[in-house]
Amino acid sequence: MKGVDNMAVYGVDIGTSSCKASCFDGSSCHVVTLTDQFNSFWGNEKLMISAAYLDGENDDTLLVGQEAYNEHLLNPQWYLQEFKRKFAHKEPVIFTADAQVTIDDIYVTVLNELNEMFIKSGVVVDKLVLTYPASYSEGLINRLISDARQAGFDEIATIDEPSAAAEYYAYAQKNVSVGENVLVYDLGGGTFDTALIHLDDNGFRHLTSSLGLPDCGGADIDWLILSDMKRKILSDPSVDGEKALKIPSVLSTLNEKAVSVKHKLTSQKNVAETIMIGYSPYIYKLSRAELETMMEPLIHRTLELCRRIVYNAGVQSQNIHRILLVGGSSRMPMIPARLQTLFPAANISHNEESEFLVCCGAAVSCSGSEAEMLALRADRGDPEAMFELAQYYLDEENEEHDNKKGMYWLQQSAEKGSTVACIMLGIALHQGLFDQESDHEAAFPWLLRASEYGDAHAQDLLGDYYAEHEEFERAIKWYTKASGQGNINSQCSLGNIYLKTENYCTGISLLKRAADQNHSVAQYNLGVVYETGLGVVAADAQKSFNYYLMSAKNGDPDAQYEVGKRYYYGWAPVEENNSEAFAWISKSADQHNKKAFFILGECYE
């Protein structure tokens, strides 16, 4: 991956538990300080708690991060933590007497605060790269981008979270050898994501699309511990559990203790936490073994997703060479143990600052040229990026113009289901574009796929294919579909087929409809119809000439020849006029109409 001098790319990971940010300046990547270490909920100045508070007593000001947490006990009903999990819902989530706040309002406020921090650092934000769970739809990703624009960012890119972690792993070259397959296991605060990448001589590439679970993360483990705390408190006769669990300050303390217990059990086998219930201390005890039993259903779901992504990529489990653990929750000892059982040949790697791999990977993923950035997205299986990369290489004015590469990415995009790529690939093969030989048979499956997607141009070309093979029923089917979408070529072609099959009224009606829209071929064909008196139409020299003349004016060389021939020989309904004849025959000859050259020779004599 190639860096760009004097470029400041910021990667932002708005996580379920905390927000993280990094900056890539073209040569190195560093994590950005977001808060005061001593006032931080997490005790880490690089983590900003994912929390929001609507201050109903101060002009309904929306506070986020540590400021929100500091106020949350005043009016708990105006406080929201782990708001990322509600991003899929657009309805208001926090209410006061006079105001309400949506998730998008919170995201805009968080991103606006981050933008202000970046500006204060003195480093210009050339591009913002936002991360998102692998399970997000295109609609949710577009909402993220919209929120970032409202927060003042101009250049915005996105990358899914496991791919971002993989990008940073690739960037840092963490003891990975050429030929290795690396599985990314990303158990974050609220979601689980996984990716499978391969290192070859050209760098890392994705073997299949990333997968994710939107409801499986560290917050769910916290909830399991919290539920166990409440159950034990309610069953202890030495404390008034029912009364205590209705007190906001106690509930807040229990939430914090649940997180603390989870963290401690990553390195300890047993934990005892003192919790003040009123004036009475309560000792909560939990062993790692007990927690692992509670976690088993969650972890099982993540392992099943790992199995699925390996299966999707067509890779055997013994060919997973390395596993990258990402996210604070992946530190739980049972996770590498279970992964090792599932993938016995894999070396398992865990970065000490795994919480920051995603934001750092986001920043370095957009640190190259346009083609490199598109290639990164294309390698992750993004059909839109594949199509953009194809266009990039097929552009003749581009210094990196390469038809072979362009056609490769065009086919990859088409195989991923891109309608526009199917159309473009079908047309390129049908017409012999971009150094391809014209091959109607090779074009057929792509035109068929694009036609089934509903593209009128592809349906028209597919009709041409069947008409060429005299499969008129199928040709009529696709011409009719295209014609129904207003495709004039199909109206004309459909009219021609009906004339061939002696359905004269329908054929002539369709040709007239196309001719009225200045379709030159339809106008020429109507000239032939009225010249010969085809089917139900009587021969009419005037109408025939009128249609030939319309077509000629629209540039049809055969029509130009017919008009010129009539002026040359003085055929009805016009009189002989060598000047007009020469003008029209010359235009036809300029378009290499061989018949025109014969009369043109006579004109010169």
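Position 1 is the first residue of the sequence, and the numbers go up from there. Just so it is clear, the model here is predicted, and its values are computed rather than measured.
- Smallest separation of non-hydrogen atoms from Val129 and Val9: CG2-CG1, 3.7 Å.
- Checked by atom type and distance alone, the side chain of Ser365 pairs as donor or acceptor with a backbone atom of Ala362 at under 3.5 Å.
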Audit row: Ser17, Ser50, side chain to side chain contact (heavy atoms under 4.5 Å, CB included) steps and yes/no: CA-CA 5 Å; Ser17 302; Ser50 295; 5.8 Å; no
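- In terms of modelled atom types and a separation under 3.5 Å, the side chain of Ser418 and the main chain of Glu384 share no donor-acceptor contact.
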Stepwise, does the salt bridge (charged side-chain N to carboxylate O under 4.0 Å, His left out) test hold for Lys84 with Glu161? CA-CA 14 Å; Lys84 180 178 181 178; Glu161 290 163 5; 2.6 Å; yes
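- With rounding to the nearest 0.5 Å, the separation of CE in Met229 from CG in Asp222 is 9.5 Å.
- Residues Phe87 and Asp104 form a side-chain contact, since some pair of their non-hydrogen atoms from C-beta on lies under 4.5 Å apart.
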Between Glu355 and Arg331, is a salt bridge (charged side-chain N to carboxylate O under 4.0 Å, His left out) present by the stated rule, with each step listed? CA-CA 10 Å; Glu355 293 96 332; Arg331 291 195 180 100; 3.0 Å; yes
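- Atom NZ of Lys405 has 12 or fewer neighbouring heavy atoms from other residues, nucleotides or ligands inside a 6.0 Å radius.
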Going through the checks in order, is the side chain to side chain contact (heavy atoms under 4.5 Å, CB included) test met by His72 and Gln81? CA-CA 9 Å; His72 80 286; Gln81 199 168 321; 5.9 Å; no
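- Without hydrogens or angle criteria, Asp193 side chain to Asp186 main chain gives no donor-acceptor distance under 3.5 Å.
- Considering only heavy atoms from C-beta on, Leu140 stays 4.5 Å or farther from Tyr132 through its side chain.
- A heavy-atom distance below 4.5 Å is found between the side chains of Ser146 and Gln150.
- His300 NE2: 12 or fewer foreign heavy atoms inside a 6.0 Å radius.
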Checking salt bridge (charged side-chain N to carboxylate O under 4.0 Å, His left out) for the pair Arg338/Glu296: CA distance, chi angles, key distance, verdict? CA-CA 10 Å; Arg338 294 290 301 277; Glu296 175 59 32; 2.7 Å; yes
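- With contacts defined as side-chain heavy-atom distances shorter than 4.5 Å, the pair Leu196/Asn312 does not qualify.
- Atoms OG1 and CZ, from Thr208 and Arg308 in turn, are 11.0 Å apart once rounded to the nearest 0.5 Å.
- In this structure, Val12 and Phe118 have side chains that are in contact, with non-hydrogen atoms separated by less than 4.5 Å.
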Show the numbers, then the answer: is there a side chain to side chain contact (heavy atoms under 4.5 Å, CB included) between Leu226 and Lys262? CA-CA 10 Å; Leu226 178 62; Lys262 179 184 69 175; over 6 Å; no
Ignoring hydrogens and angles, write down the donor-acceptor pairs under 3.5 Å from the side chains of residues 441-456, residues two or more places apart or on other chains.
residue	atom	partner	partner atom	Å
Glu441	OE1	Tyr465	OH	2.9
Glu441	OE2	Tyr465	OH	3.2
Glu441	OE2	His469	NE2	3.2
Arg449	NH1	Ala414	O	3.0
Ser451	OG	Leu447	O	2.6
Ser451	OG	Ala458	O	3.2
Ser451	OG	Gln459	N	3.2
Asp455	OD2	His457	N	3.1
Asp455	OD2	Ala458	N	2.9

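- Side-chain atoms of Tyr10 and Asn115 form no donor-acceptor pair, as typed in the model, at a separation below 3.5 Å.
- Between Thr194 and Ile309, the shortest heavy-atom distance links the atoms O-CD1, 3.5 Å.
- The distance from atom CG of Asn181 to atom CD of Gln318, rounded to the nearest 0.5 Å, is 11.0 Å.
- Scanning both residues, Lys20 and Lys46, for their nearest heavy atoms gives CG-O, 4.0 Å.
- Within the 3.5 Å criterion, the main-chain N or O of Val31 finds no donor-acceptor partner in the side chain of Ser22.
- Between Val184 and Ala166, the shortest heavy-atom contact is CG2-CB, 3.8 Å.
- For Arg322 (side chain) and Leu183 (main-chain N/O), no donor-acceptor pair under 3.5 Å exists by modelled atom type.
- Distance check: Met424 CE to Cys422 SG gives 12.5 Å after rounding to the nearest 0.5 Å.
- In this structure, Arg307 places its CZ atom where more than 12 heavy-atom neighbours from other residues, nucleotides or ligands lie under 6.0 Å away.
- You'll find the side chain of Leu298 reaches within 4.5 Å of the side chain of Cys216, heavy atoms only.
- Using a 30° and 60° split on the angle between ring planes, Phe83 and Tyr107 fall in the perpendicular class, above 60°.
- Asp147 places no side-chain N or O within 3.5 Å of a backbone atom of Leu144 that could act as its donor or acceptor partner.
- When atom types are taken as modelled, the side chain of Glu400 and the backbone of Tyr393 share no donor-acceptor pair closer than 3.5 angstrom.
- Between the side chain of Arg85 and the main chain of Gly190, a donor-acceptor pair closer than 3.5 Å is present.
- With no hydrogens or angles considered, a side-chain donor-acceptor pair links Ser260 and Glu273 at under 3.5 Å.
- Between His401 and Asn403 the shortest side-chain heavy-atom distance falls below 4.5 Å.
- At distances below 3.5 Å, not a single donor-acceptor pair connects side-chain atoms of Asp395 with backbone N or O atoms of Tyr392.
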Can you list the steps and then say if Val110 with Met48 is a side chain to side chain contact (heavy atoms under 4.5 Å, CB included)? CA-CA 10 Å; Val110 168; Met48 183 173 78; 3.9 Å; yes
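- With respect to Lys232 and Asp228, a salt bridge is recorded, a charged nitrogen being found less than 4.0 Å from a carboxylate O.
- When all heavy atoms of Ile106 and Ala52 are compared, the pair lying nearest together is CD1-CB, 3.8 Å.
- Annotation for Glu138: atom CD does not count as buried by contact number, only 12 or fewer foreign heavy atoms lying within 6.0 Å.
- Using a 4.5 Å cut-off on side-chain heavy atoms (C-beta onward), Asn347 and His321 make no contact.
- Counting heavy-atom neighbours within 6.0 Å of Gln77 CD, excluding the residue itself, gives a total above 12.
- Across all their heavy atoms, Gly212 and Ser135 have their closest contact at O-CB, 4.0 Å.
- For the atom pair CG (Leu394) and NZ (Lys404), the distance works out to 14.0 Å, reported to the nearest 0.5 Å.
- No side-chain donor-acceptor contact under 3.5 Å links Thr109 and Asn112.
- Summarising the geometry, atom CG belonging to Leu291 is positioned 5.5 Å from atom CG belonging to Leu286; distances are rounded to the nearest 0.5 Å.
- Tyr185 and Thr302 share a side-chain donor-acceptor pair at under 3.5 Å.
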